[in-house]
Amino acid sequence: MSDAYLHPPWKDLNRQHQAVTFGMWVFLASEVLLFGGLFAGYTIYRDLYSRGFLAAGHQTSIVFGTINTAILMTSSLTMAVAGRAARAALLRTARLMLMATFFLGVLFLILKGFEYREDIQKGLFPGHGFPLTAAGAQIFFSFYWVMTGIHALHVTGGLAAVLRLIIASARNREWLAGSTSEEATALYWHLVDVIWIILYPLLYLAGRVNG
């Protein structure tokens with residue numbers, strides 16, 4: 001691997017790679033703590049207001065939720081293929097997979113926007129005039145808006161990182177083969193996907209367990 005990819009203060013590419021990977025895992029751990037707190041709060045309140053949570057969960061859009069789950073899972077695949085292709089010096093394939101990942105992420109946000117519009121039209125935003133009367137239903141949708149909103153912000157951040165890879169590799173295609181940025185971005189993107197895998201059953205499937 002060329003020293004052109006080496007950045008201060010590192011004097012060795014292997015050390016630089018290890019430092020980037022370790023730093024990214026530390027950052028991801030902090031993100032897990034953030035969502036872990038939200039998941040813990042959700043679990044406690046669902047235990048307290050199980051009927052309200054089930055009634056509220058039945059109002060979420062299973063169609064949008066399922067389609068967006070498929071989109072994110074596919075984007076995780078394209079990101080993984082991009083990394084494998086970059087390490088195998090299949091740089092054109094790597095760039096195409098990064099562009100596919102970017103497109104799928106944008107599509108996820110667009111569909112999420114349509115879902116939010118539908119939720120607002122139904123009045124499913126906590127506050128005055130909330131249509132569900134079951135105790136705890138508003139708490140469920142408070143978690144819904146906070147967790148999916150934070151997740152959407154993370155998707156947006158991931159898209160910015162993927163776009164950086166696309167632009168940088170357009171200027172110098174060989175850059176993808178040696179840069180540690182692709183692996184760090186992939187780790188972040190996969191975390192975003194894993195968080196959604198947890199959100200999907202909590203918010204979209206839980207209200208449908210009894211039909």
Side-chain angles (χ1 to χ4, degrees), residues 17-47 53 57 60-87 94 97-116 140-166 179-209:
H17 174 78
Q18 292 169 4
V20 169
T21 303
F22 177 74
M24 197 62 200
W25 277 110
V26 171
F27 171 73
L28 296 182
S30 71
E31 295 295 288
V32 170
L33 289 175
L34 168 64
F35 279 99
L38 291 170
F39 295 151
Y42 175 97
T43 302
I44 291 170
Y45 278 101
R46 182 178 174 179
D47 184 61
F53 268 53
T60 58
S61 175
I62 189 68
V63 174
F64 277 120
T66 302
I67 293 174
N68 265 342
T69 300
I71 288 172
L72 274 191
M73 294 305 96
T74 305
S75 75
S76 197
L77 173 63
T78 56
M79 177 60 83
V81 172
R84 289 292 187 94
R87 288 188 288 275
M97 290 297 100
L98 287 174
M99 287 187 280
T101 302
F102 184 82
F103 169 78
L104 290 167
V106 170
L107 182 58
F108 173 90
L109 291 179
I110 290 172
L111 291 179
K112 197 66 194 165
F114 281 115
E115 182 182 358
Y116 280 158
F140 173 92
F141 271 97
S142 295
F143 278 108
Y144 167 84
W145 285 98
V146 170
M147 291 195 292
T148 59
I150 293 175
H151 179 266
L153 290 176
H154 281 70
V155 173
T156 303
L159 286 174
V162 173
L163 183 60
R164 174 181 175 269
L165 296 179
I166 294 171
S179 173
T180 55
S181 295
E182 188 281 330
E183 184 173 352
T185 301
L187 284 172
Y188 179 84
W189 193 261
H190 293 320
L191 172 73
V192 170
D193 293 344
V194 169
I195 295 298
W196 183 260
I197 290 175
I198 299 173
L199 290 177
Y200 178 64
L202 290 182
L203 301 177
Y204 296 92
L205 301 183
R208 295 169 170 86
V209 292

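Scope of the values below: all heavy atoms of this structure, side chains included, with no hydrogens, waters or symmetry mates. Given the structure is predicted, the values throughout are model-derived calculations rather than measurements.
- Distance check, rounded to the nearest 0.5 Å: CE of M147 to OG of S142 gives 10.5 Å.
- Partners of R164 under the side chain to side chain donor-acceptor pair (under 3.5 Å) rule, at least two apart in sequence or in another chain, are S181.
- Residues M73 and I197 are in side-chain contact: their nearest non-hydrogen atoms beyond the backbone lie under 4.5 Å apart.
- Across A94 and A85, no two heavy atoms sit closer than the pair N-CB, 3.7 Å.
- Inter-residue side-chain proximity for H151 and L72 is flagged as met; some heavy-atom pair is nearer than 4.5 Å.
- Checking each of T69, T66, T60 against Y200 for a side-chain hydrogen bond (donor to acceptor under 3.5 Å, both in side chains) leaves exactly one that passes, namely T66.
- For F140 against L203, the heavy-atom pair with the smallest separation is CZ-O, 3.6 Å.
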L159/W189 under side chain to side chain contact (heavy atoms under 4.5 Å, CB included): CA gap, chis, key distance, verdict = CA-CA 9 Å; L159 286 174; W189 193 261; 3.9 Å; yes
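- A heavy-atom distance below 4.5 Å is not found between the side chains of H154 and L191.
- Taking a 6.0 Å sphere around CZ of F103, one finds it holds 12 or fewer heavy atoms contributed by other residues, nucleotides or ligands.
- The structure places CG of L111 at 5.0 Å from CG of N68, a figure rounded to the nearest 0.5 Å.
- Nearest approach of T185 to A161, heavy atoms of both residues: CG2-CB, 3.8 Å.
- Separation of atoms OH (Y204) and OG (S61) is listed at 7.0 Å; rounding is to 0.5 Å.
- Summarising the geometry, atom CZ belonging to R46 is positioned 13.5 Å from atom CZ belonging to F39; distances are rounded to the nearest 0.5 Å.
- Within the 6.0 Å centre-distance limit, the rings of F141 and Y144 are counted as a close aromatic pair.
- Summarising the local packing, CZ of F27 is surrounded by more than 12 heavy atoms from other residues, nucleotides or ligands at distances under 6.0 Å.
- Put simply, CZ on F108 and CH2 on W196 are 4.0 Å apart, with the number rounded to the nearest 0.5 Å.
- The shortest heavy-atom contact between A206 and Y42 is CB-OH, 4.1 Å.
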inquiry  = Go through it in stages, so that I can follow the logic: the residues are M97 and R84, the test is side chain to side chain contact (heavy atoms under 4.5 Å, CB included), and I'd like the CA-CA distance, side-chain angles, deciding distance and then a yes or no.
reply    = CA-CA 10 Å; M97 290 297 100; R84 289 292 187 94; over 6 Å; no
task = List the steps and the verdict of side chain to side chain contact (heavy atoms under 4.5 Å, CB included) for L165 and F102.
result = CA-CA 10 Å; L165 296 179; F102 184 82; over 6 Å; no
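- A 4.5 Å side-chain heavy-atom check between I195 and V32 finds every atom pair outside the cut-off.
- Shown here is Y45, whose OH atom has no more than 12 heavy atoms of other residues, nucleotides or ligands within 6.0 Å.
- Atoms CG and OG1, on D193 and T74 in that order, are 9.5 Å from each other to the nearest 0.5 Å.
- Screening residues 145-163 for salt bridge (charged side-chain N to carboxylate O under 4.0 Å, His left out), with sequence neighbours left out, gives no hits.
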